[in-house]
Amino acid sequence: MSYTKLTREQLAARVAKDIPEGAYVNLGIGLPTMVANHFAAGFEVFLQSENGLLGMGPAPSKGDEDYDLINAGKQPVTLLPGGSFFHSADSFAMMRAGHLDIAVLGAFQVAANGDLANWHTGSKDDIPAVGGAMDLAVGAKQTWVMMEHLTKSGESKLVSRCSYPITGVNCVSRIYTDLAVIDVTPDGFRLVEAVAGLSCDALSALSNIAILE
Amino acid sequence: MSYTKLTREQLAARVAKDIPEGAYVNLGIGLPTMVANHFAAGFEVFLQSENGLLGMGPAPSKGDEDYDLINAGKQPVTLLPGGSFFHSADSFAMMRAGHLDIAVLGAFQVAANGDLANWHTGSKDDIPAVGGAMDLAVGAKQTWVMMEHLTKSGESKLVSRCSYPITGVNCVSRIYTDLAVIDVTPDGFRLVEAVAGLSCDALSALSNIAILE
Amino acid sequence: MISKISPSVSAALADVPHGATIMVGGFGGAGMPNELIDGLLEQGASDLTIVANNAGNAEFGLAALLKAGRVRKVICSFPRQVDSYVFDALYRAGKIDLELVPQGNLAERIRAAGAGIGGFFTQVGFGTELAKANGVAKETREINGEMYVLESPIHADVALIKAERGDRWGNLTYRMTARNFGPVMAMAAKTTIASVHELCELGEISPEHVITPGIFVQRVVKIARAVTVASGVKAS
Amino acid sequence: MISKISPSVSAALADVPHGATIMVGGFGGAGMPNELIDGLLEQGASDLTIVANNAGNAEFGLAALLKAGRVRKVICSFPRQVDSYVFDALYRAGKIDLELVPQGNLAERIRAAGAGIGGFFTQVGFGTELAKANGVAKETREINGEMYVLESPIHADVALIKAERGDRWGNLTYRMTARNFGPVMAMAAKTTIASVHELCELGEISPEHVITPGIFVQRVVKIARAVTVASGVKAS
C-alpha cells in the first residue's frame with residue numbers, strides 16, 4: 001500500500017485540532033509556529049511567547065511591524081485585546097510551574113521514555129544555544145513534539161535513546177509527525193493514528209523502533 | 001551630675017539626623033514611625049513599607065483616610081508623587097537583597113554581638129507574631145534599633161546575650177536610645193554619644209554591660 | 001469564547017473541597033476578599049488550611065471562619081492583632097495549628113510555588129525559632145560566608161484574592177496597597193478566584209498595566225464596591 | 001533634591017571598572033540598550049563578563065564589544081543567531097568563555113540575586129549537559145518525587161537596560177516586549193543604568209503602573225527615540 005506524508009500545513013492543522021479552546025499554549029520556534037494559523041476564527045487559544053507576552057495574535061501586516069513587539073523567534077507579531085506584557089522571570093514562571101497547558105516543540109530526537117533532544121547536535125563545531133527549550137520541555141503540563149518523522153537522510157527521529165544531548169528527561173507526552181500521531185507511554189511509543197495506507201508495523205519498521213498499536 | 005532622657009520626639013529627631021538624603025528606609029511599627037516627622041521639608045528620603053509601597057508620605061488629613069493605602073502598621077498613609085505600588089514578593093525582595101539602605105526597628109533587647117530580639121517575648125501565653133521583622137533585620141544594608149534604653153522595670157535592653165527569642169543574628173549596627181547612640185562593633189558596644197551629663201561609665205553601669213568609649 | 005466570569009460568589013466557590021489549602025490575600029483590610037471569605041463560610045468546606053498574612057479580625061471574615069471551627073491550620077506571619085481574639089483563644093486552647101512564617105519568607109515561598117521552585121535558600125530566619133519545621137531545625141548552609149536556611153514552596157488548592165478590575169480572560173489590576181499578596185497567591189494556587197469591582201472588556205486594561213495575567217486566574221466574580229475599613233490597626 | 005538623571009551616556013558609564021560583570025537587557029532588538037553598549041565601547045572598560053540573553057548580532061552593540069576584545073566571558077541562553085558570527089568565531093577560537101544557561105534559569109537566577117536568594121532548586125536542566133558548572137555536575141535533589149538541580153544567583157556590578165519612560169527617582173516603564181530582562185536585571189546589579197526615551201515629572205507615571213520602582217535604578221539617561229530594528233530573526 002502507498003501513503004502520502006502530511007504537508008507542513010496539514011501537520012500544523014492536525015496539531016491545532018487537538019488543542020482545546022481556552023488552552024495556554026507556547027508554540028516553539030520553526031514548525032510549531034505554523035500551528036497558530038489553524039485555529040478557527042473566534043476559537044480562543046492563549047498563545048504565550050517566553051520573551052514576555054500572552055495573547056499573541058497573528059503577524060502584522062506588511063509595514064506595520066514593530067520590533068518592540070516580537071515573538072521568541074524575534075519575528076514581529078501582534079497582541080490581541082486582552083493580551084499582556086510581563087518580564088522574563090514572570091514569563092518563565094508561567095512555564096516552569098506548569099501554568100502553561102501545552103508546549104509544542106520541534107525535535108531532533110524523541111526517545112521511547114519521553115526524553116527530548118532539540119537544542120544541540122553535540123557537534124564540537126556547533127555553537128550551543130538553548131533559549132527557552134529546556135524550560136518549555138520540563139515546565140508545561142504537556143509537552144508535544146511536532147517534527148518530520150525522518151531526518152533528511154532518512155533516519156528515524158524516534159529512538160530508543162537520544163544520541164544528541166537531551167533537553168529534558170521523560171518530558172514528551174505526544175509526538176506529531178508527517179506520518180503519525182504517537183503517544184509516549186510507560187510501555188514506550190504507542191500509535192494514535194497514522195496517515196492512510198501506513199500500518200503500525202510499517203511505521204515501526206520505518207522508525208527502526210517498536211511502536212505499539 | 002544629672003541628665004535628662006530624650007523625649008520620644010527628640011529621639012526620633014536624633015535618628016532622622018543620621019539618615020542621608022536619598023536613602024531608602026523602612027521605619028518599623030511604633031516608635032520608629034515617628035522618625036518620618038523629622039525630615040526637613042524638601043529633604044528627600046524614600047520611605048518603604050513592606051505591604052507594598054515606596055515613597056510613603058505623611059498621614060492623610062482627617063476624613064481623607066483610605067484603608068487601601070496603609071502602612072505596615074495598618075494605618076492610613078499617603079503616597080508622594082514618584083511613589084509606587086508593588087506586590088509582597090517584590091516588596092520583600094527590596095529588603096531581603098539589601099536594596100533598602102536602612103531599617104529602623106524597635107527592640108526588646110540587643111546583644112553585644114548585634115543579635116536582635118524584637119518579635120516575641122517567648123512567654124508560652126503570648127501569641128507569636130513576626131510580620132516583616134526578620135526580613136528587615138537581616139535584609140537591610142544597615143539595621144538600626146530605636147528604643148528606650150531601659151525597660152519599664154529598669155532593666156537594660158542592652159545585653160550580653162538575648163534572653164528573648166532572637167529576630168536575627170548579628171544584624172544590628174547601631175542603637176539609638178533615649179540615653180545614647182551606640183554602635184555595635186566587633187568588640188561589642190561602643191558609645192557614639194550620650195545625653196549631656198551621662199558619662200560612658202555611668203551608662204555602662206546603668207546598662208549592666210560594658211560600653212566602650 | 002472563553003469566559004472566566006462566575007455569575008456569583010457561591011458559583012465561584014461551589015467546588016471547594018473539605019481539607020483544602022486556601023490562600024487568602026490581604027494585609028490589614030487592604031486586599032482582604034471579605035465577600036469571598038463570607039461565601040466560603042456559607043459554602044461549608046471545613047478542615048481547611050489557611051495561608052494568609054493575618055489570622056482574622058474581630059468576628060468577621062477569616063475570624064468568622066475560624067470561629068465556626070472550619071480551619072485546622074493557619075500559615076501566616078502575623079496572627080496577633082488588637083482584635084484577633086478568636087484566633088488567640090483557639091490557639092491558646094490548642095484547637096488550631098499555627099505555622100508562623102516571616103512575612104518575606106511567606107511571600108517568597110508562595111512565589112516559589114507559583115514559579116516552579118522546589119526550595120530556596122534565604123538568610124531570613126537563620127538562627128531563630130522560625131528556622132524550624134515541626135520543632136525540627138530546617139536545613140542550613142553557608143553560602144559565600146553567610147548562613148542560609150532552606151525554605152520550601154507553599155502551594156494551595158484555592159486562592160481567594162481581591163482585585164480592582166478584571167476581564168473575562170482573568171486579567172487583573174489592584175488598588176494601591178490592596179495589591180500585596182494577590183499576585184503571588186494567584187500564581188501558587190490550582191484555582192484562583194478573584195473578586196473585582198469592575199468588569200472590563202478585553203483590552204480595556206492596557207496590556208502594559210495588567211498586574212496579574214489571566215493565565216494565573218481561573219474565576220472572576222464581580223462584587224459591589226465597599227469602602228475598605230480599618231482593620232487590625234495598632235495604636236502606636 | 002534627589003536626581004538620578006545623568007546628563008549623558010558617557011557620564012552615566014564613567015566609573016564602570018575593568019573586570020566588571022555587566023548585565024545587558026534585551027531579547028532580539030527589543031529592550032537592547034544599544035546606546036549604552038556603544039557608550040561602554042567608547043568608555044574602555046575591558047575584561048568584562050556579560051550577562052545577556054544573546055551574544056550580539058552582526059558587528060554592532062554587544063558584537064562590537066566582543067569584536068574589540070573587551071569581553072572575557074558571556075553568560076547567556078542563546079548565543080547562536082543568524083548573524084552572531086563575531087561570537088561564533090571567538091568561541092571556536094577559544095577566545096571567549098561561554099556559560100550557557102536555559103533562558104528561564106537565567107531569568108530566575110538573576111531575579112534570585114535581586115531578591116536575596118542564595119540558591120534555588122529547579123527541575124529545568126536536570127539530566128542535561130547544562131546541569132554542570134565548569135564540567136562538574138551541579139547538586140541535585142529529589143523533592144516530592146521529582147528531580148531538581150540547585151542553581152545559584154547571578155549578581156552583577158552594572159546593569160544596562162533600555163526602558164521607555166523614567167523620572168528623577170528612577171521609576172521606569174517599558175514598551176511591549178522590550179520589557180523582558182530589564183526589571184530583573186535592575187534588581188540584580190549594584191548599579192543599574194537605564195536609558196529612557198522620555199523623562200517624566202514625578203507622579204507622571206502612575207504609581208500603579210511603575211514597572212521598576214526607583215529603588216532598583218541608580219542612573220537614568222535620556223536618549224533619542226530610534227525605531228527598534230529586526231535583530232537575529234531566524235528564517236522559519
Side-chain angles (χ1 to χ4, degrees), chain A residues 29-34 49-53 56 65-77 79 83 85-98 115-117 119-120 122 124-139 165-171, chain D residues 25 27-31 53-55 76-81 84 87-88 91-92 98 100-108 110-112 114 122-130 147 164 174-185 187 211-212 227-236:
Chain A
I29 295 177
L31 195 52
T33 302
M34 297 170 65
S49 187
E50 61 263 39
N51 53 314
L53 73 163
M56 188 163 59
E65 298 90 350
D66 184 329
Y67 283 89
D68 278 344
L69 177 47
I70 57 175
N71 65 13
K74 293 158 190 160
Q75 296 159 320
V77 295
L79 193 77
F85 299 113
F86 31 81
H87 64 58
S88 299
D90 281 350
S91 183
F92 279 91
M94 291 180 190
M95 324 183 164
R96 292 159 64 98
D115 285 1
L116 169 66
W119 72 280
H120 189 22
K124 280 281 173 218
D125 202 44
D126 241 38
I127 307 292
V130 65
M134 289 188 180
D135 307 277
L136 280 163
V138 168
I166 66 169
T167 307
V169 174
N170 190 13
C171 57
Chain D
F27 181 101
N53 190 58
N54 305 110
C76 78
S77 90
F78 212 85
R80 183 186 67 229
Q81 298 186 89
S84 60
F87 173 84
D88 299 357
Y91 180 76
R92 290 202 174 100
L98 169 66
L100 191 72
V101 182
Q103 195 177 159
N105 281 1
L106 185 66
E108 191 70 21
I110 293 169
R111 182 199 173 269
T122 176
Q123 292 179 264
V124 174
F126 176 79
T128 77
E129 286 185 11
L130 300 190
M147 294 305 298
E164 178 64 16
Y174 302 84
R175 184 166 184 265
M176 303 197 282
T177 58
R179 188 182 303 188
N180 57 68
F181 284 91
V184 285
M185 288 181 170
M187 296 170 70
I211 302 301
T212 295
V227 172
T228 302
V229 296
S231 172
V233 184
K234 282 186 75 158
S236 67

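In what follows, chains are A, B, ... by sequence order, proteins preceding strands, each numbered from 1. The shown structure was predicted, so the numbers you read here are calculated from the model rather than taken from an experiment. The analysis underlying the following values was restricted to heavy atoms, covering all of them including side chains, and did not include hydrogens, waters or symmetry mates.
For A:Phe92, the part lying near chain D is the side chain, with the backbone staying farther off; criterion is any non-hydrogen pair under 4.5 Å. With a 4.5 Å cut-off on non-hydrogen atoms, D:Leu98 touches chain A through its side chain but not through its backbone. Only the side chain of D:Phe87 comes within contact range of chain A, with at least one heavy atom under 4.5 Å from a heavy atom of that chain. With a 4.5 angstrom heavy-atom cutoff, D:Phe126 touches chain A via backbone and side-chain atoms both. Heavy atoms of D:Asn105 lying under 4.5 Å from chain A belong to its backbone as well as its side chain.
Each of D:Gln123, D:Arg179, D:Glu108 has some count of heavy-atom pairs under 4.5 Å with chain A, and the biggest count is that of D:Arg179.
Within the model, atoms CG of A:Asp68 and CD of D:Glu164 stand 7.5 Å from one another, a figure rounded to the nearest 0.5 Å. Put simply, OG1 on D:Thr128 and CH2 on A:Trp119 are 6.5 Å apart, with the number rounded to the nearest 0.5 Å. In this structure, the separation between CZ on A:Phe86 and OG1 on D:Thr177 is 10.5 Å, given to the nearest 0.5 Å. One finds the CD atom of D:Glu129 at 6.0 Å from the NE2 atom of A:His120 (value rounded to the nearest 0.5 Å). From A:Ser88, atom OG reaches atom CD1 of D:Ile110 across 8.0 Å, with rounding to the nearest 0.5 Å.
A:Val130 and D:Val101 make their closest contact through CG1-O, 3.7 Å (heavy atoms, listed as atom of the first residue, atom of the second, distance).
Counting only distance, with no hydrogens or angles, the side chain of A:Asn51 and the backbone of D:Phe27 share no donor-acceptor pair below 3.5 Å.
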